[in-house]
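Each remark here refers to the structure printed beneath this line.
Note on naming: letters A, B, ... go to the chains in the order of the sequence lines (proteins, then strands), and numbering restarts at 1 for each one. Just so it is clear, the model here is predicted, and its values are computed rather than measured.
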Amino acid sequence: MTEATSRPVQVHGEVLTTRRVGAYHHLSLVAPGIAEQTRPGQFVALAVGGPDTALLLRRAFSIYRVSSTGVYGGTVEIVFAARGPGTEWLARQQPHSPVDVVGPLGRPFALPREPVSATLVGGGYGSAPLFGLAETLRSRGSRVDFVLGAGSEQRLFGALDAKRMASTVAITTDDGSTGLRGRVTDVLAQVMERAGTDVVYACGPMAMLQAVSRVCADRGVTAQCAVEESMACGIGVCMTCVLPVRDEDGMTRMVRSCVEGPVFRGEAVRWEDVGTVPDDTYGAPAAAH
Amino acid sequence: MGGPVARFSVRTVPAPERTAEPRYDLATRLASVELPNPVLTASGCAAAGRELQQFFDVAALGAVVTKSIMLEPRSGRATPRMAETPSGMLNSIGLQGPGIDAFLAHDLPWLHEHGARAVVSIAGGSVEEYAELAGRLRGAAGLAALEVNISCPNVANRGLVFACDAGAAAAVVSAVRARTAPGVPVFAKLSADVTDIVAIARACVDAGADGLSMINTLLGMALDLDTMRPVLAGVTGGLSGPAIKPVAVRCIWQVHAALPDVPIIGMGGVRSGLDALELMLAGACAVSVGTAVFGDPGAPVRVLRELREALSARGFGRAADAVGYAHRTDRTT
C-alpha cells in the first residue's frame with residue numbers, strides 16, 4: 001500500500017454546475033489547485049452561508065470526482081444531502097456562485113502496489129469517493145466489484161457509474177425498492193467469495209463501516225474505511241472529529257478523523273466505542289489516576 | 001450606558017495623530033514583551049501552529065497562542081464535542097492534548113524554528129500542577145509569554161474553575177508567577193461567567209499577573225430536538241464565536257476602565273478587522289482570533305490586514321493609540 005501527501009489550499013471557488021441525483025445534490029466547483037492534488041478518499045471543506053453568515057463552521061464533503069483539465073481549470077465534484085441550514089444553503093447555490101473551498105484534506109485510500117481484487121462498499125451518498133478510487137484501481141490493473149446499499153432507490157448513489165466500471169455490482173436497499181432487500185453486509189461475504197477479494201474499501205455510515213469491518217476481519221481481508229465524523233474545521237485544529245483508534249502498538253488514542261483519517265484500517269477503529277473514550281485510551285481519565 | 005465604571009481611572013488618550021506617510025506602526029506590548037502586531041491566534045483554536053502554517057506563515061502574527069497544555073497526556077471528552085449555534089459554537093473538547101513533555105519536545109521547538117512567538121497556554125487541576133507547568137516551561141526557547149487558563153468551562157466540577165473565585169485565581173497566578181522567568185509575562189485568562197469580573201481581574205493582578213486575557217468561552221448548552229437529549233456528550237460546553245463578542249467588549253471595557261495600565265489580550269467572537277478594532281478600542285492591546293479559524297483558516301492574517309486598514313481609515317498612526325480609545329472623556333473627538 002502506498003500513500004501520497006498533499007498540501008491543502010484555501011481557494012475562492014465557484015459553482016460550475018448543479019443537479020439533483022435522486023434524493024441528493026450534485027455540485028461541481030471550479031477550485032483551482034485542489035483537483036490537481038486530490039487522491040481518492042480525500043475531502044474538501046466548504047464555507048457555507050455567505051460572508052456575513054451566522055453559520056460559522058465549515059462543512060466537509062468527500063470528493064466524488066475531480067477533473068484537472070478542461071476550459072474551467074480544475075474542478076471538484078461533491079454529492080450531498082440537504083439536511084440542515086448549511087447544506088440547504090449549498091443546495092440553493094447557482095452556477096457562478098462563489099464558494100470558499102479548502103482542500104484536498106485528509107489521508108486518501110491506501111492503494112495496492114500490485115494488481116489486486118478490490119471490493120468497494122458504499123452506503124447512500126457515502127459511495128461518492130469510491131468511483132474515483134475504482135478508476136484508479138482499474139488503471140492499475142486491479143479487479144473492482146461494487147456493493148452499494150441505501151435506504152431506498154432514491155438514496156442509492158452511483159449505480160450506473162458502478163456498472164460501467166466494475167466486474168460485478170450488487171445492490172441492496174432497506175425497503176427493497178431496488179436490488180435485494182437488506183444491508184450491504186447481507187451480500188458482502190458472497191461477493192468477496194466470488195471475486196476473491198484481497199482488499200475492501202468502504203465509505204458510509206458508522207454502523208455500516210463497523211459491520212463491513214467485521215465481515216473483513218472474519219475473512220482476514222484488509223478493510224480501508226472512510227469515516228464521516230462531524231467536524232468544525234476539517235484541518236486539524238478544532239479537535240471535535242475524534243474517534244478511538246488503535247495504533248500499531250495496540251494503544252488506543254482519540255485521533256482526529258480529518259488529518260489522521262478519514263480513511264482508517266477497519267481493524268484499527270474501535271467501532272463499538274465510537275462516541276466514548278474507552279478507559280484504556282491514552283490519556284483517559286481512568287488511566288491518569 | 002453609564003453606571004459606575006471608572007470615574008477616576010479612565011485614561012484620556014489624545015486624538016490620534018494623522019500621519020502623512022502610509023506607514024502604520026502595528027507594534028504592541030504584552031507587558032515586557034513587544035510584538036510586531038496585535039493579532040494572535042486564540043488558545044484551543046490553532047493547536048500549536050503547524051496546521052495553520054499550511055495556509056499562512058504563523059510568524060507573520062503577533063504571536064501564536066497554543067492550545068492549553070497540561071502536565072499529562074489527556075484524551076479529552078467523548079463525542080459529540082461540538083454543536084453549531086447561531087453565530088457561535090459550543091465545544092466540549094475537555095483539554096485533549098499530548099502533555100507538557102511532548103509539547104516541549106515537539107511543539108514549542110517547531111514554533112521557535114519557524115520564527116513564531118509563542119504564548120503558551122497552561123491548564124491544571126491544582127495550584128501545584130500550574131506551578132509545575134510554569135517550572136517546566138522556564139527557559140524554553142521561543143516562549144514569549146504564558147497564558148494561564150484558569151477558566152476552561154469543560155471540567156467536571158464547576159467548583160474547579162479557578163477563575164470563578166478570586167482567591168483560587170490569585171493562588172494559581174501567584175504560584176505561576178513565582179516559577180516563571182522575570183522577563184516572561186504571565187497573563188491570566190478570565191471567565192465572563194462571574195458576578196464581578198473586575199474583582200477577579202484585580203485579584204489576579206495583585207497576585208502578580210502582568211496582564212489579563214479575556215474572555216474564555218461562556219458556559220452553554222444545546223438540546224437535540226430529535227433525540228430530545230443534550231447535543232454534547234459532555235452535556236455543557238463553551239460558547240464561542242461572534243455571539244459572545246458583546247460580552248467580550250463589555251468585560252474588556254470594565255476591566256480596562258478599572259485597571260487602565262494592565263495589558264489585556266482580547267478575544268471573543270473576532271472574525272474581522274473591525275471586530276479586532278472594537279476590542280482594542282475597549283481596551284485590548286492585542287486580539288486573539290479563535291473560532292473564526294474553523295470557518296476560515298486564513299482568518300488571522302485576514303483580520304490583521306483588515307485591522308491595518310481600519311486603523312488607517314480612522315487616522316491611527318500607531319495601533320497602540322487605539323487601545324482603550326473608546327474610553328476617552330474628551331467629547332470633542
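- Heavy atoms closer than 4.5 Å to chain B are found in the backbone of A:P51, but not in its side chain.
- Per-residue heavy-atom pair counts under 4.5 Å with chain A were compared for B:K67, B:R81, B:R50, B:R74, and the maximum is reached by B:R81.
- Taking B:C45, B:S75, B:A78, B:G44 one by one and counting their heavy-atom pairs under 4.5 Å with chain A, the maximum is reached by B:S75.
- For the set A:T240, A:L56, A:V277, the count of heavy-atom pairs under 4.5 angstrom toward chain B peaks at A:L56.
- Looking only at side-chain heavy atoms (C-beta outward), A:H25 and A:L90 stay at 4.5 Å or farther from each other.
- Among B:G88, B:P80, B:A233, the residue with the largest count of heavy-atom pairs under 4.5 Å with chain A is B:G88.
- Using a cutoff of 4.0 Å between basic side-chain nitrogens and carboxylate oxygens, A:D100 and A:R58 are scored as salt-bridged.
- In this structure, A:M206 and A:L243 have side chains that are in contact, with non-hydrogen atoms separated by less than 4.5 Å.
- Proximity to chain B is absent for every atom of A:V259, based on heavy atoms less than 4.5 angstrom apart.
- With a 4.5 angstrom heavy-atom cutoff, B:P86 touches chain A only via backbone atoms.
- Looking at A:V102, only its side chain comes within 4.5 Å of chain B, counting heavy atoms on both sides.
- With chain A as partner, the option from B:E51, B:M70, B:M89 having the largest number of non-hydrogen pairs under 4.5 angstrom is B:E51.
- Contact check for B:L71 versus B:E132: side-chain heavy atoms found under the 4.5 Å cut-off.
- Two residues are said to be in side-chain contact when any heavy atoms from C-beta on lie closer than 4.5 Å; B:M82 and B:F294 fail this criterion.
- Counting heavy-atom pairs closer than 4.5 Å to chain B, the top-ranked of the candidates A:P244, A:C233, A:G234, A:P85 is A:C233.
- The shortest distance between side-chain heavy atoms of A:R39 and A:P104 does not fall below 4.5 Å.
- Taking A:I235, A:T252, A:T53, A:V237 one by one and counting their heavy-atom pairs under 4.5 Å with chain B, the maximum is reached by A:V237.
- Residue A:Y125 is tested with A:F157, A:Y24, A:F80 for a ring-ring contact (aromatic ring centres under 6.0 Å, His included); the sole match is A:Y24.
- Within the 4.5 angstrom heavy-atom criterion, only side-chain atoms of A:R59, from C-beta onward, approach chain B.
- Here the two rings, on B:W110 and B:H114, have centers that are under 6.0 Å apart.
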